[in-house]
Amino acid sequence: MPLDQDFDKEEEEEGKEMSFIGHLEELRWHVIRAVGSILVFAIIAFIYIQEIYHYVIIAPSQPDFWTYRMLCKLADVVKYDELCVKALNFKLQLIGMGDAFTMSMTSAVIAGLIFAFPYAFWEIWRFIKPGLKPSERRSARGAVFYVTFLFFSGVLFGYYIVSPLAINFLANYTLDESIINEFSLASYISLVATLTLACGIAFQLPIVVFVLAKVGVLTPAFMREYRKHSFIVILIVAAIITPSPDIYSQVLVAIPLFLLYEVSILVSAKVERERLREEQRLATLGGNPDL
């Protein structure tokens, strides 16, 4: 059949051995295309930078931001008025002559990095995939989708949950009533970008567990045994990345991390089941993986 022939041809091409220089050349082009995609999205973001600042970047600094409105509704339900954010007592400012242009460029690059992530990761995955065994390719099927989904889930969580909570705490924290909080735009963007990207990376926990489980470092039994310890660590992490001292904010951050840990246990269990099935298959075939 033509489709089978095309598939076999693709498998043969992927399985061809390349020299070290050939691998470096191939990697170079994958990296160039990945960086090029970031540059393209950065240029598009720079064209619409004013809209991005107004509707995205500056939005968490306004009391009518979606997260603050939801917190006020939650405050009505739990009867805890301090949870409601009614004002953010700070102003953003630019001091240097070229700060506006510099921050526009910086913000455009960050936006380009976020939006180009799926394609950039796909390029890197195309380089890694041919070096995997057929069984490893089957196990890693859908890797680009899952990594992208987790990354954007983390970015949204960092933007809508962690960043607003941090901004609210830092904006309303004062040393004296006579001191006015006036923050530079650079420090504000650094805070939002760092927390947002950090959450995007943190949400890759199931992928990291998958890799560690494949190499035999982690097992579901180990993760279940230390579940209580992990919960304590998660609460500490939630307290660190959520400067707000109220328990509700910390719980809002900790819950998704708990869920990620439980998902990671399921991922490691799936990897272990596949490993046991593969061992049984090899035992049936007399230890010859080529049969």
Exercise for review: Could you tell me which non-hydrogen atom of V209 sits nearest to which non-hydrogen atom of S268, and how far apart they are?
Suggested key: CG1-CB, 4.0 Å

Review point. For L170 and N181, which heavy atoms make the closest approach, and how far apart are they?
Key: O-ND2, 4.1 Å

Practice item. For A42 and V109, work out which heavy atoms get closest and say how close. Key: CB-CA, 4.1 Å

**Study point:** N172 CG to N89 CG distance, which is reported to the nearest 0.5 Å
**Key:** 5.0 Å

Exercise for review: Would you check if the distance from the ring center of Y160 to the ring center of F65 is below 6.0 Å?
Suggested key: yes

Practice item. Please check if the side chain of T106 supplies one atom and the backbone of M103 the other of a donor-acceptor pair under 3.5 Å. Key: no

Review point. Counting N and O atoms only, with roles assigned by atom type, does the side chain of S163 sit under 3.5 Å from a partner on the main chain of G158, one being a donor and the other an acceptor?
Key: yes

Review point. How long is the span from the CZ atom in R28 to the CZ atom in R33, to the nearest 0.5 Å?
Key: 10.5 Å

Practice item. Give the minimum heavy-atom separation between C199 and G154, together with the two atoms involved. Key: CB-O, 3.1 Å

**Study point:** T219 backbone acceptor or donor facing R224 side chain under 3.5 Å
**Key:** no

Review point. Could you give the distance from OG (S107) to CE (M105), rounded to the nearest 0.5 Å?
Key: 10.5 Å

Review point. What about I124 and F41, same hydrophobic cluster or not, with Ile/Leu/Val/Met/Phe/Trp/Tyr joined at side-chain heavy-atom distances under 4.5 Å?
Key: no

Point to revise | Side-chain donor/acceptor of S264 to backbone N/O of L260, under 3.5 Å | key: yes

Practice item. Compare all side-chain heavy atoms of Y226 with those of I232 and state whether any distance is below 4.5 angstrom. Key: no

Check your understanding: So, for Y55 and Y48, is the gap between ring centers shorter than 6.0 Å?
Key -> no

Check your understanding: Can you get from V40 to I43 by hopping between Ile, Leu, Val, Met, Phe, Trp and Tyr side chains that sit under 4.5 Å apart?
Key -> yes

Review point. If we only count heavy atoms from C-beta on, is the S184 to I95 side-chain gap below 4.5 Å?
Key: no

**Study point:** Q50, CD atom: more than 12 neighbouring heavy atoms under 6.0 Å
**Key:** no

Practice item. Would you check if the distance from the ring center of F183 to the ring center of F90 is below 6.0 Å? Key: yes

Review point. Quick one: does Q204's side chain have a donor or acceptor within less than 3.5 Å of a partner on V147's backbone?
Key: yes

Review point. With hydrophobic residues grouped by side-chain heavy-atom distances under 4.5 Å, do V211 and V144 end up in a single group?
Key: no

Exercise for review: Enter the distance from I57:CD1 to L92:CG here, rounded to the nearest 0.5 Å.
Suggested key: 11.0 Å

Point to revise | Minimum heavy-atom distance between P118 and T148, given as atom pair plus value | key: CG-CG2, 3.5 Å

Point to revise | Atom pair CD (E262) and OG (S230), whose distance is rounded to the nearest 0.5 Å | key: 7.5 Å

Study note, to complete from the structure: Rounded to the nearest 0.5 angstrom, the NZ-CZ distance for K270 and R275 is 13.5 Å

Check your understanding: Angle class for the F121/F117 ring planes (parallel below 30°, perpendicular above 60°, tilted otherwise)?
Key -> parallel

Review point. Would a hydrophobic clustering, with Ile, Leu, Val, Met, Phe, Trp and Tyr connected at side-chain separations under 4.5 Å, put L39 with L113?
Key: no

Review point. Quick one: does W66's side chain get under 4.5 Å of P164's, heavy atoms only?
Key: no

Exercise for review: Give the cluster check for I201 versus I189: same hydrophobic cluster or not, with ILVMFWY residues linked at side-chain heavy-atom distances below 4.5 Å.
Suggested key: no

Exercise for review: Please examine the side chains of L71 and L165, heavy atoms only from C-beta on, and report whether any two atoms are closer than 4.5 Å.
Suggested key: yes

Review point. What are the two closest heavy atoms between F127 and H30, and how far apart are they?
Key: CB-CD2, 3.5 Å

Check your understanding: Is D99 close to L185 at the side-chain level, that is, under 4.5 Å between some pair of heavy atoms?
Key -> no

Exercise for review: Kindly indicate whether the side chain of W29, heavy atoms from C-beta on, has any atom under 4.5 Å from the side chain of E123.
Suggested key: no

Review point. Just wondering, more than 12 heavy atoms not from I180 lying within 6.0 Å of its CD1?
Key: no

Point to revise | Side chains of V155 and F203 in contact at under 4.5 Å (non-hydrogen atoms) | key: no

Check your understanding: Quick one: does M223's side chain get under 4.5 Å of Y261's, heavy atoms only?
Key -> yes

Review point. Under the 3.5 angstrom rule, does the side chain of T196 hit a backbone N or O of A193 as a donor-acceptor pair?
Key: no

Practice item. Check whether any side-chain N or O of Y159 sits under 3.5 Å from a backbone N or O of P60 as a donor-acceptor pair, and report yes or no. Key: no

